[in-house]
Amino acid sequence: MEIVKTQANQPYRSVNENPCHMCMPLGGILAFAGIEQSMVMLHGSQGCSTYMRRHIAEHFNEPIDVASSSLNEKGTIYGGEANLKKGLDNLMQLYQPKLIGVLTTCLAETIGEDVDRITLDYKRERGMDDFPLVSAPTPGYGGTHTEGYWQALRKIVTGVASKPESRPGVNIIVPNLSPADVREIKRVLGLLQVDFTMFPDVSENLDRPWARPYQKVAQGGTRIEDLKRMPGARATIEMSLTVDDALSPGQYLKDEWRVPLYRVPVPIGIENTDRFIEVVSGITGASVPQSLKDERGRLLDCMVDSHKYNSRGRAVVFGEPDLVHPIVATCRENGIHPVIAATGGRSKKLTELIDAFPSEAGQTIYLDEADFMGMLEKGRAAGVNLAIGHSGGKFLEEKEDIPLIRVGFPIHDRTGGQRVMSVGYTGTAMFLDRVTNALLESLHRNYRISMYQQYYQGYRKRPVVLRKRR
Ligand code: SF4
């Protein structure tokens, strides 16, 4: 297969139109959201936290509180240390969190705030030496929300993991997945009867049951005590083949605490799910129960049922590298041609992974630093008839009438982003049904449109313009 490597920012367009990613601190907030009773303080101007809170709340359909040090003109010129410390005092008083993450924004980084030093001073001055106050540099211009997510995870582990006493369990480190996906991975591990620490764990606190009285800080998340014990785990399984070593918490645990590290793709697709279960079984000796074998059998049945429709699919797959790779793999194992794979940042590892797919199924165009205008132009030329990714792709749906399968983050133009499940044998079957049904709907709609077009044109003797779905 010839892989065409190119960037969305072609020489003839020097701007990024409708980018495929969000800014670094937003990803950092998502990472901290998966820790028990944690809160985030954004060091910067207030608008950053408002934008991020809104984006996250729309996806998860949950209230999201993010504090801000609210830098103004004075703080920008003379430094924002006093604002940050006062904000942390308020945060402690109002929320009584068990852990606080301090993330920087463009403004704080541009004026050169030394947040590590300020947070250390703060702990010393308040007599809070043992309190986990974790700072992470996340300038909005420094990378994508995916990099911010991994940066924050690495900082949390570096700052909190401290107890090397061995224990039989494994660390499971997951990328930015939906609460439903994390719940499904936990369910599968439960079927395998494996002791594990899920990090981070958004399964409960970003998809919480309705309850009264309202709690300002949701229940759930990785327990601080479990975070501390991560160096004593039997092994770490990190669900990412694309994260850089410098941002990888699993790599830190390996280098610093000698915890064996296994990297696996997110278990979407039969091959990727098989691999995850094999790795878990290999480390722990867990045997695969019949119920899980049955789920695999049902997925195979689903693949047989849908394969005859899928060969007409020509997909653009976009979003975070950790999702793009397994979704491209799932398309390929089900006869859908992933014509374009795109991500908002730069990922050498994703390029190599896409490159490594077998060649007989045709060409895949790889776009990094992608925007939706670039995808639209490339997709139009390549005859794309299916888009798989987050809500940013609605641009393709609206402009080109390409059906969009919403998966990943953010999903802000539909409800239920927190319940979208695509992992494991069962989640893959659900994902495949969504994809196949979109292709079927498109097929039937086109069939009727061409039929009516001929019918009306025959009687009216004038052209009838009906929009054709791809
Ligand atoms: S890009 Fe910078 S200024 Fe904009 S929201 Fe992100 S951190 Fe704030």
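Just so it is clear, the values below take in all heavy atoms, side chains as well, and ignore hydrogens, waters and symmetry mates. Since we're looking at a predicted model, the values are computed, not measured. Counting starts at 1 for both ligands and their atoms, following the listed order.
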**Complete:** Note: heavy atom closest to atom 2 (Fe) of ligand 1, options Cys106, Pro139, Gly140, belongs to Cys106
**Prompt:** So is Gly44 close enough to ligand 1, meaning a heavy atom under 4.0 angstrom away?
**Reply:**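 Flag not set, Gly44 not near ligand 1.
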Presence of salt bridge, [Y] and [X], under 4.0 angstrom:
X	Y	answer
Lys349	Asp245	yes
Glu225	Arg229	no
Glu81	Arg117	yes

**Message:** One residue to check: Ser45. Relative to ligand 1, which of side chain, backbone, both or neither has a non-hydrogen atom less than 4.0 Å away?
**Reply:** neither
**Request:** Select one of side chain, backbone, both or neither to describe which atoms of Tyr51 lie under 4.0 Å from any atom of ligand 1, heavy atoms only.
**Result:** side chain
**Asked** Can you tell me if Thr105 uses its side chain to pair, donor with acceptor, with the backbone of Pro139 under 3.5 Å?
**Response** no
**Message:** Donor-acceptor pair, distance only, cut-off 3.5 Å: does the side chain of Lys216 make one with the backbone of Leu94?
**Reply:**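 The answer is yes, because a donor-acceptor pair under 3.5 Å joins these two groups.
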**Message:** If we count only non-hydrogen protein atoms and require a distance under 4.0 Å, does atom 4 (Fe) of ligand 1 qualify as touching the protein?
**Reply:**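 Under 4.0 Å from atom 4 (Fe) of ligand 1, zero protein heavy atoms found.
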**Message:** Within the 4.0 Å heavy-atom shell around Pro25, which atoms of ligand 1 are there?
**Reply:** 7 (S)
**Prompt:** Between Tyr51 and His55, is the gap from one ring center to the other below 6.0 Å?
**Reply:**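 Aromatic pair counts; centres sit under 6.0 Å.
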**For atom 8 (Fe) of ligand 1, closest protein heavy-atom neighbour** = Cys48 SG, 2.3 Å
**Prompt:** Quick check: does Cys23 put an N/O/S atom under 2.8 Å from atom 2 (Fe) of ligand 1?
**Reply:**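 Here the distance criterion (N, O or S atom, under 2.8 Å) is not met by Cys23, so no.
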